[in-house]
Amino acid sequence: LGPPLSSGHSGGSVESLEMCEVRAATIAARGETLYCIASVCVSARIPPLMRESPEDTERDIVERHVRRSVADLKDSFTLIQRRLMEVEGINPRIHEWCFEAPRSLALLQMQTAKDLGKVCDFASTIRRRIGVVADIDESKFFLNFAYSMSLGLNGDCHPTTRNIRELAFRQHQSIPQADIDQWLQLLAY
């Protein structure tokens, strides 16, 4: 992932907000694409075409795609979180992220959390097939985080909020926002 806040130039200058967004969005898009490939392989029983070696089984390929998907989405989430806290100086609380963070970065963080929750849920449902990649608690956290962010950014009637609510509450109970804020603070250190 590399140092998320430096521009790569000498002098330690801070990466522009736009470059941070592009980098985080690119990493998240790769993670979402890997999830889509794994999901299609599992649900449609389409044999995976992306073998890294002739010995790769379907299980190996699906597991690798899901693991990489989770890793990429977590990298993107962490990159945005670090940017908001270290550069933008925003406290790791949902309210502050919704109303003080640059809107485009907050929206990207919400989308990344939604995708991460969805992938963790998928990984937990096929764990007997691929082993433990992510658990249901991670899914629950990220979907609740995305839902809280969407409520703050978009309101209750927005289609994104309704979609996340449906994903989050299909199998899970909600997590109080204070618990989400506390978890974000722990991640910060």
Atom [atom1] of [X] and atom [atom2] of [Y]: how far apart are they, to the nearest 0.5 Å?
X: Cys20; Y: Leu79; atom1: SG; atom2: CG; value: 4.5 Å
X: Gln109; Y: Gln81; atom1: CD; atom2: CD; value: 7.0 Å
X: Leu167; Y: Phe142; atom1: CG; atom2: CZ; value: 15.0 Å
X: Asn91; Y: Glu100; atom1: CG; atom2: CD; value: 7.5 Å

Do NZ/NE/NH1/NH2 and the carboxylate oxygens of [X] and [Y] come within less than 4.0 Å?
X: Glu15; Y: Arg23; value: yes
X: Glu138; Y: Lys74; value: yes
X: Glu166; Y: Arg162; value: no
X: Lys118; Y: Asp121; value: no

task = Evaluate the criterion side chain to side chain contact (heavy atoms under 4.5 Å, CB included) for residue pair Arg103 and Leu153; output intermediate values, then yes/no.
result = CA-CA 8 Å; Arg103 184 167 175 81; Leu153 293 167; 3.6 Å; yes
request  = For the residue pair Phe145 and Trp97, categorise the inter-ring angle as parallel (less than 30°), tilted (30 to 60°) or perpendicular (more than 60°).
outcome  =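 Phe145 and Trp97: perpendicular rings.
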key: Donor-acceptor contact present, side-chain Ser69 to main-chain His65, <3.5 Å   = no
Test side chain to side chain contact (heavy atoms under 4.5 Å, CB included) applied to Val66 and Phe122, step by step = CA-CA 9 Å; Val66 172; Phe122 174 75; 3.7 Å; yes
task = Answer with yes or no whether the hydrophobic clustering places Phe77 together with Met19; edges join I, L, V, M, F, W, Y residues whose side-chain heavy atoms lie under 4.5 Å apart.
result = no
task = Check the pair Val14 / Glu86 against side chain to side chain contact (heavy atoms under 4.5 Å, CB included), numbers first and verdict last.
result = CA-CA 10 Å; Val14 173; Glu86 295 173 15; over 6 Å; no
Trace of the side chain to side chain contact (heavy atoms under 4.5 Å, CB included) decision for Asn154 with Leu107 = CA-CA 9 Å; Asn154 301 318; Leu107 287 167; 4.0 Å; yes
